[in-house]
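Remember, it's 1-based here, ligands and their atoms both numbered in the order they're listed. By convention here, the first residue in the shown sequence is residue 1. The figures here come from the full heavy-atom set of this structure, side chains too, leaving out hydrogens, waters and symmetry mates.
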Amino acid sequence: MTHDHERRGFDTQAVRGGQVRTGEQEQSEPLFLSSSFTFDSAAQAAARFGGDEPGNIYSRFTNPTVRTFEHRLASLEGGEACVATSSGMAAINAMCMALLRAGDHIVCSRGVFGTTTSLLTKILPKFGVETTFVSPTDYDGWQQAIRPETRLLFLETPSNPLTEVADIAWIAELAHAHDCVMVVDNCFCTPALQRPLELGADLVIHSATKYLDGQGRCVGGAVVGDARRVGEDIFGMLRTAGPTMSPFNAWVFTKGLETLRLRMRAHSENAQALADWLQHHPRVTRVNYPGLAAHPQHALASRQQLGYGGILSFEVAGEREAAWRVVDGTEMISITANLGDAKSTITHPASTTHGRISQEERDASGITEGLLRVSVGLEDVADIQADLERALDAI
Ligand SMILES: *Cc1c(COP(=O)(O)O)cnc(C)c1O
């Protein structure tokens with residue numbers, strides 16, 4: 001896949017990347033709700049199916065609206081190719097199915113998205129793929145977990161919900177020394193705040209559901225990386241297995257990318273203000289946010305990221321009962337597991353997003369009963385703070 005105007009700046013590509021105007025000369029990107037495409041002749045149909053002539057055939061594997069999103073996201077991440085998928089989980093699954101075979105082994109950072117843990121521990125073992133989990137910041141642990149059959153290192157940074165920050169460049173170097181593929185789930189930062197491919201990662205995973213949409217409307221995902229692994233191997237898996245992004249969702253995400261950097265900056269500013277305030281609140285025993293000087297990887301985050309993002313978590317004393325009181329004490333903040341929305345959201349990870357992993361896995365990941373995660377939205381920060389203050393008073 002080639003990308004138009006590759007030397008343009010990030011903001012320009014976010015607004016214009018991947019756009020192909022039709023004869024109607026529309027200003028905004030068109031939405032092609034068409035499951036299939038027609039051919040001029042039997043010979044053209046044969047040439048398209050045989051791969052001798054480029055062009056659309058069927059929307060399970062190519063659709064112009066989806067392609068615009070793929071090209072735009074690829075250029076923002078600095079990748080050669082992008083494959084859009086029906087969800088973030090479909091992106092991770094398609095990547096594993098395309099690149100791994102029975103007998104292969106994955107090393108994955110602890111504290112990844114709860115469903116990613118379930119995929120790696122409950123589904124992939126049925127197909128002979130095993131995973132070892134390591135703390136994202138335990139570099140000896142990463143090294144020791146690698147076996148001769150290890151093929152893939154998977155990292156989420158900052159981690160969910162504890163916001164631990166891992167050194168992408170270091171882990172990428174380790175991966176390459178062992179002939180492994182290094183994959184980063186870049187959902188929390190997005191390319192507006194972190195570009196893993198520039199730091200040495202091979203592939204980037206997205207749940208477009210989160211910040212790429214940014215307004216909580218659609219579910220989707222993507223894999224970005226090189227032309228061979230993404231453009232051929234993962235695209236081939238998508239074409240056959242079919243976890244395809246719908247054109248409508250691709251259109252929503254494409255428009256979302258236009259405001260991505262402005263939104264990420266505003267999310268980060270609001271989250272920083274809330275974290276600064278929360279760390280001095282008497283009911284709060286701990287605040288996890290990479291923008292705090294007290295965060296153990298604050299220096300690394302400052303080097304590796306262009307901002308600290310919109311997700312923070314904090315602990316209250318008094319276990320689940322106190323944490324649930326805070327959730328229930330909010331009036332404005334939405335009680336929902338989604339994140340990366342213009343609307344602030346609050347969740348109790350131990351009983352929701354991380355409720356289905358075992359107690360041992362939760363303990364090892366530091367998901368305590370008093371922990372709450374806030375996805376800080378774009379409301380006035382004074383209003384978010386007032387809502388949390390009222391909620392904390394409810395303990
Ligand atoms: C939500 C999420 C996913 C999964 O994405 P879906 O679109 O819900 O399938 C994967 N990784 C992270 C970090 C997420 O937050």
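- Distance alone, capped at 3.5 Å, places no donor-acceptor pair between the S159 side chain and the E156 backbone.
- Judged as a ring pair (Phe, Tyr, Trp, His ring centres under 6.0 Å), and not counting sequence neighbours, F127 has no contacts.
- Screening residues 365-381 for salt bridge (Lys or Arg N to Asp or Glu O under 4.0 Å), with sequence neighbours left out, gives R320-E369.
- Residues Y211 and H267 bring their aromatic ring centres within 6.0 Å.
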Show me a pair-per-line table, with atom names and distances to 0.1 Å, of protein N or O atoms that are under 3.5 Å from an N or O of ligand 1.
unit_1: ligand 1; atom_1: 5 (O); unit_2: S207; atom_2: OG; d: 2.9
unit_1: ligand 1; atom_1: 7 (O); unit_2: G88; atom_2: N; d: 2.8
unit_1: ligand 1; atom_1: 7 (O); unit_2: S207; atom_2: OG; d: 2.8
unit_1: ligand 1; atom_1: 7 (O); unit_2: T209; atom_2: OG1; d: 2.7
unit_1: ligand 1; atom_1: 9 (O); unit_2: G88; atom_2: N; d: 3.0
unit_1: ligand 1; atom_1: 9 (O); unit_2: M89; atom_2: N; d: 2.8
unit_1: ligand 1; atom_1: 11 (N); unit_2: D185; atom_2: OD2; d: 2.6
unit_1: ligand 1; atom_1: 15 (O); unit_2: K210; atom_2: NZ; d: 2.7

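- Between T190 and K210, the side chains place no donor N or O within less than 3.5 Å of an acceptor N or O (distance only, hydrogens not considered).
- Contacts classified as salt bridge (Lys or Arg N to Asp or Glu O under 4.0 Å) and involving residues 328-352 (residues at least two apart or in different chains) are given here: E331-R390.
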